[in-house]
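Here's the structure, in structure tokens; my notes come after.
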Amino acid sequence: MVMLLALPQSPVFAAGLVKQDIDTTDHMLTLTNYDRGFYTPQVLHIKPSGGKPIEKPYSKLLHLRAEISEFSSRAWLGIDTTGGKKDTTWGKSQDLTEDALGVLQTTFDNIRKNGGHVIVRICYDPWYNGRSNVTPEHKWVLRHVEQLAPVLSKNTDVIVALEMGMHGAYGEMHSDTSITYDRVAEATNLMLRSTPPELKILTRTGNYSAKVLGFDNWGVDFHIDGEKFAEIAKAKGDTMYRVGMFNDGYLGTQYDYGTWGADCKTSICREEGVAWLEKYGINTPYGGEALTTANGYQVINTPEFLAYEGFRTHTSYLNIQWNNNLIDSWKKSHFKGTDFEYDGTKIDSLTGFKYINDHLGYRYVLRESWLSDTVGSDGMFRAKLRFQNVGFGNLTRKMKTKLVLSIPQRQGNLDTVPAPLAKYIEMSNVDFRDVHSRTISVAGGDTVMTFDGNNEISFDVNLSELKYGDWSGGNIDVYLSVCGETIGADCIQFANRLSGYGVYIGRYVYDENKHTARLNSISKSAQKQKVPFVERTRNNVIIRDGERSYKLNGSKQ
């Protein structure tokens, strides 16, 4: 995969590229990228008078369980348990008030101020206690979707995904006799039409998502290689990549507690669903709550199983609190797999929990960097980088990629001052959503890596308009940063050695007395001898990088 930043009418770049002597290892730190990982749930009870917004989010990745039970005549808020001494109280089906919507907006503002992100679910279950038959008449569900959509649209910079609740206990689309596939699909499609494409919308099961997308005969038609699937995918266009699912029965059984069907003729079974998520959920969040195994069912809730299927489903988030017994078992277990630097055969202290925690969502490692050796007065700079995404998933939102140049500053008789000047150059044609994770399949019972997560990024940049002042030349350190579109501090941490500017990609020499295009170039054959490369033999993949090489399963040779 090549992403090229092309500069029209720029002179041919002939300067040599130099392999940078930088740290290209994954330091195995748990990174503070809060649009993925383990989340903490927090309930927001919204009243007609507004109520109290969440002022201090429990965590940087919050699962916001906003409930609007007071706007449903079918939701009982309190029940008489004293023999007639206290009345049972109910909500009232009515429009959401400005005060109610304001509380939701203030909560999003506070999450933003906290530097966090949020997975949102909205439903009518009072305080998320699992009460049944609380969903109001369908017309009110649709009305509330219309009223909620503008607030959600305004906050896509902090919203990781909308788990389309609205129906049933916990907003999980069960335990309510008024729920039908048609009603869920109508409400979800209304939300899709009323919000921008940046908002990813997830339903509770593959069946619900299939209905939203226009499938009726799931067992027959919901196969990604089938004619009907191709027909619907063509008609839906980008919406196919916007609709996903959340899974609050994750790994509890081979059916994920009913998330996937057992009868593949009438429902979407695990393999069909996983194949759909693998292809169409490539930039869509997927996760939920992992559970302990029910008696008599296949045990699949292991870190080693996630180290296979997590890459296919692009699993990006899980509940840190539920199931707490399973989470505790992961913390006590030893990860037995071999996954690049995460090699359980060599690291006795590597727990299953750490492996999962560090691989939820994306995880970028700079594996190789070649930069221009010298930039002259014409400002021509070239780079060739190789990033490996070793996480389960991919970046699910648009972000800005920038080059950061750390330029020493001259002051009086001193050559430099301690704090260099940082110059930022936006790379509008580089999109890290395209730095994809690995592709893993099963062949004859063996897990096979068919794509190793290595992505090449090449670009030319004209730096001639940079102002160096009276500084005539010297070494300039170069970094690459990927940050949020609206919040500058919302920047991705790479798995290499941490830096305040982003990931360090190397250094070039600035010399105002030279012209870049006249510098001697390094021949392609000479570069090829030095460049790390990926060796593929049928399904086998070996990554060779100088003194290091990796086997198919990710372990070092």
Using the rule side-chain hydrogen bond (donor to acceptor under 3.5 Å, both in side chains), only one of D157, N283, D490 pairs with R397; which is it?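 Of all the options given, the one that passes is D490.
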Side-chain donor or acceptor of [X] paired with backbone N/O of [Y] under 3.5 Å:
{"X": "S194", "Y": "A149", "answer": "no"}
{"X": "D477", "Y": "S406", "answer": "no"}
{"X": "R242", "Y": "P196", "answer": "yes"}
{"X": "S316", "Y": "L360", "answer": "no"}
{"X": "Q42", "Y": "Y58", "answer": "yes"}
{"X": "T315", "Y": "G287", "answer": "no"}
{"X": "Q388", "Y": "D452", "answer": "yes"}
{"X": "D373", "Y": "Y508", "answer": "no"}
{"X": "T107", "Y": "P53", "answer": "no"}
{"X": "S369", "Y": "I505", "answer": "yes"}

Determine, for R438 against D339, whether the closest basic-nitrogen to carboxylate-oxygen distance falls under 4.0 angstrom.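 Looking at R438 and D339, the cut-off is met.
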Side-chain ion pair, R507 and D21, N-O less than 4.0 Å: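 Looking at D21 together with R507, the answer is no, because their closest N to O distance does not fall below 4.0 Å.
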What residue among Y504, F387, Y479, Y501 forms ring-ring contact (aromatic ring centres under 6.0 Å, His included) with F494?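 Result for ring-ring contact (aromatic ring centres under 6.0 Å, His included) with F494: F387.
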Between E309 and F311, does a side chain to side chain contact (heavy atoms under 4.5 Å, CB included) hold up when you go through it step by step? CA-CA 5 Å; E309 192 183 82; F311 289 101; over 6 Å; no
Separation between [atom1] of [X] and [atom2] of [Y], rounded to the nearest 0.5 Å:
{"X": "L371", "Y": "I476", "atom1": "CG", "atom2": "CD1", "value": "12.0 Å"}
{"X": "Y342", "Y": "K354", "atom1": "OH", "atom2": "NZ", "value": "4.5 Å"}
{"X": "F335", "Y": "L306", "atom1": "CZ", "atom2": "CG", "value": "9.5 Å"}
{"X": "I119", "Y": "R65", "atom1": "CD1", "atom2": "CZ", "value": "10.0 Å"}
{"X": "K279", "Y": "T439", "atom1": "NZ", "atom2": "OG1", "value": "12.5 Å"}
{"X": "K60", "Y": "D35", "atom1": "NZ", "atom2": "CG", "value": "13.0 Å"}

What class does the angle between the rings of Y364 and Y362 fall in, given that below 30° is parallel, 30 to 60° is tilted and above 60° is perpendicular?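 Ring orientation of Y364 relative to Y362: parallel.
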What orientation do Y39 and Y317 show, parallel under 30°, tilted 30 to 60°, or perpendicular over 60°?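 Ring orientation of Y39 relative to Y317: tilted.
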Compute the centroid of each ring, for Y286 and then for F246, and state whether the two points are separated by less than 6.0 Å.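 Centroid distance Y286-F246: not below 6.0 Å, so no.
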Between D358 and T30, does the side-chain hydrogen bond (donor to acceptor under 3.5 Å, both in side chains) criterion hold? Intermediate values first, please. CA-CA 5 Å; D358 291 358; T30 299; 2.7 Å; yes
